[in-house]
Every structure is written in structure tokens, then in C-alpha cells.
Amino acid sequence: MRGLIVTGTDTGIGKTVLAAGLVGALAQSFGQARYWKPVQAGLAEETDSEAVARLVPGATIHAEAYRLVTPASPHLAARIDGVDIVAARLALPAGAGPIIVEGAGGALVPLSETRLYAEQFVVWGLPVVIVARTGLGTINHSLLTIEALRWRGVPIAGIAFVGPAEPESETIIATLGQVRRLGRLPILPDLTPVSLAAAMAEHFDLMDIL
Ligand SMILES: Nc1ncnc2c1ncn2[C@@H]1O[C@H](COP(=O)(O)OP(=O)(O)OP(=O)(O)O)[C@@H](O)[C@H]1O
Ligand SMILES: [Mg+2]
């Protein structure tokens with residue numbers, strides 16, 4: 001178990017929270033687990049690394065390879081910030097325990113002017129967890145994401161839903177997309193390290209993911 005990449009069907013849908021949940025669950029099984037957000041675009045709000053550190057106290061958080069001020073797609077944020085995103089700086093950081101790597105936005109977000117995240121996933125060589133909303137529109141977004149990843153040869157570990165239960169949508173996505181449904185994280189009114197760890201334990205079977 002080297003690690004997993006967390007991508008999603010959209011921005012702002014709970015990738016970081018789910019990634020934090022995975023870091024916590026893996027740390028329980030492996031003794032330690034790590035989180036890495038290679039490119040953070042937008043520094044005005046709490047960053048994804050800061051959110052994971054808050055939700056999983058004690059987790060190993062690797063520093064971002066790029067911290068871009070502009071809240072935009074990484075390729076554009078880099079251009080506006082006057083930064084070149086180069087492949088050499090995107091090598092997976094070494095360390096003890098499995099690593100959770102979070103993309104930005106979704107699979108076909110440009111990481112640079114010449115590379116999509118999905119293409120970088122192939123380079124990293126880790127299986128991908130797709131995070132998807134349960135609400136209206138998710139079937140199309142989820143199946144599009146699955147197809148785009150498969151077409152580029154990215155291995156898919158499964159799909160993790162975030163939101164209120166929508167069993168019909170979740171089932172048809174797993175069936176037609178031929179992906180494993182890993183679980184569903186409900187919206188937690190009080191999102192804390194304790195409530196997140198409890199929800200992960202209740203709604204996800206780590207053996208499915210591994
Ligand atoms: N299961 C949940 N319970 C409660 N709040 C949640 C849950 N999932 C996400 N949120 C909240 O929704 C917001 C967006 O979530 P998150 O930052 O994880 O999205 P994201 O997909 O990682 O976004 P980005 O594309 O910007 O990285 C955050 O304020 C987060 O705390
Ligand atoms: Mg995030």
C-alpha cells in the first residue's frame with residue numbers, strides 16, 4: 001500500500017475532508033500516514049494542508065511543491081503568479097506510511113499549460129479515489145470522470161460519495177461505471193477530528209479501499 005490519489009468530480013465537494021478521513025483511517029492501520037497537496041492555488045483561506053492538519057492532528061503533512069497566491073486553476077494561477085510548474089518538482093515525496101495525494105478541482109484540470117492532472121496521475125502511478133457529490137447531476141459528472149481516467153489508463157480504486165444518501169444514484173454510477181463504491185461520508189454538522197474518524201469507521205471499509 002503506497003498510497004492513493006484523491007480526485008473529484010468538481011471543486012468544493014469534500015475532497016479534502018475525505019482525504020483527511022483517509023489519512024486518519026490509514027494511520028490507524030499502518031501506524032502512520034501522510035498527506036500531500038502538490039499545488040495549492042489560493043492562500044487567502046485555510047489551505048487544504050491546513051484543513052487536513054486540523055482534522056487529523058499528528059498526521060504527516062508534506063509541504064506543497066507550489067503555493068500559488070491566485071485562487072484559480074493551477075495553470076492560470078501559476079501564469080498570474082509568474083511561476084513555472086515543472087515535472088521535476090512533482091515527484092512523490094518519500095516517507096514512512098502510505099501517502100494521500102490531493103489534486104485540485106477534478107481530473108481534467110490543467111496542472112500546467114502542457115499537462116492535465118489525469119496525466120500526472122499516470123506518472124505518480126497510484127490508484128485514484130474519485131470523490132463525488134450525491135446530489136443531482138452527479139451521475140453525469142461521475143461517469144465522465146471515470147471515463148476520462150480510464151481512457152488515460154489511470155487505475156481507479158473506487159468512488160467515495162459525500163452528502164445525503166442517494167442509493168439509486170450511487171448504485172447506477174457504480175454499476176455503469178464499473179467501479180467499486182467505497183462508501184459515503186455524510187455531511188457532518190460538527191466536523192471535528194473525532195466526528196470525522198467516527199464517520200469514516202462507520203461508512204467506509206478500509207479493506208475495500210486497500
Ligand atoms: N462531510 C462533510 N461534512 C461537513 N462539512 C464538509 C464535509 N465535506 C466537506 N465539507 C465542507 O465543505 C467545504 C468544501 O470541502 P472541501 O474543502 O473538502 O472540498 P474540496 O473538494 O477539497 O475543494 P477544493 O476543490 O477547493 O480542494 C469545506 O468547508 C468543508 O469543511
Ligand atoms: Mg481540497
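All ligand and atom numbering here is 1-based and tracks the order in the structure.
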Is atom CD of E46 surrounded by more than 12 heavy atoms (other residues, nucleotides or ligands) closer than 6.0 Å? yes

Around Q28, counting heavy atoms of other residues, nucleotides and ligands shown, do more than 12 lie under 6.0 Å from its CD? no

Taking NZ, NE, NH1 and NH2 as the nitrogens, is one of them in R67 or E64 under 4.0 Å from a carboxylate oxygen of the other? yes

Strictly below 4.0 Å, N to O, side chains only: are R184 and E166 in salt-bridge contact? no

Within the protein, is there a heavy atom lying under 4.0 Å from [atom]?
{"atom": "atom 28 (C) of ligand 1", "result": "no"}
{"atom": "atom 16 (P) of ligand 1", "result": "yes"}
{"atom": "atom 13 (C) of ligand 1", "result": "no"}

Given the ring of Y66, does R89 sit roughly above its face, with NZ or CZ under 6.0 Å from the centre of the six-membered ring and within 45° of the axis? yes

Would you please determine whether [X] falls within less than 4.0 Å of ligand 1 on a heavy-atom basis?
{"X": "K37", "value": "yes"}
{"X": "P186", "value": "yes"}
{"X": "G8", "value": "no"}

I130 versus T9: any side-chain heavy-atom pair under 4.5 Å? yes

Polar side-chain atom of [X] near backbone of [Y] as donor-acceptor pair, under 3.5 Å:
{"X": "D205", "Y": "M207", "answer": "yes"}
{"X": "W124", "Y": "L90", "answer": "yes"}
{"X": "W36", "Y": "I99", "answer": "no"}
{"X": "Q40", "Y": "G42", "answer": "yes"}
{"X": "T70", "Y": "A72", "answer": "no"}
{"X": "K15", "Y": "G105", "answer": "yes"}
{"X": "R34", "Y": "P93", "answer": "yes"}

Could you list the atoms of ligand 1 found under 4.0 angstrom from a heavy atom of [X]?
{"X": "E102", "result": "22 (O), 27 (O)"}
{"X": "T11", "result": "24 (P), 25 (O), 26 (O)"}
{"X": "L191", "result": "5 (N), 31 (O)"}
{"X": "L185", "result": "1 (N)"}

With a heavy-atom distance limit of 4.0 Å, tell me whether V131 approaches ligand 1 through its side chain, its backbone, both, or neither. neither

Considering only the protein, which heavy-atom contact is closest to [atom], and what is its distance?
{"atom": "atom 23 (O) of ligand 1", "result": "G12 N, 3.0 Å"}
{"atom": "atom 30 (C) of ligand 1", "result": "V17 CG2, 3.8 Å"}
{"atom": "atom 19 (O) of ligand 1", "result": "G14 N, 3.0 Å"}
{"atom": "atom 20 (P) of ligand 1", "result": "K15 N, 3.5 Å"}

Is there a polar contact between ligand 1 and D10, counting only N or O atoms under 3.5 Å apart? no

Does V162 reach ligand 1 with a nitrogen or oxygen that is under 3.5 Å from one of the ligand's nitrogen or oxygen atoms? no

Looking at D48, the N/O/S atom that lies nearest to the Mg ion (ligand 2) is called OD2

To the Mg ion (ligand 2), the closest N, O or S atom belonging to E102 is OE2

Of T47, L188, V52, the one whose closest heavy atom lies nearest atom 4 (C) of ligand 1 is L188

To atom 22 (O) of ligand 1, the nearest of V109, I13, T16 on a heavy-atom basis is T16

Quick check: does T16 have an N/O/S atom under 2.8 Å of the Mg ion (ligand 2)? yes

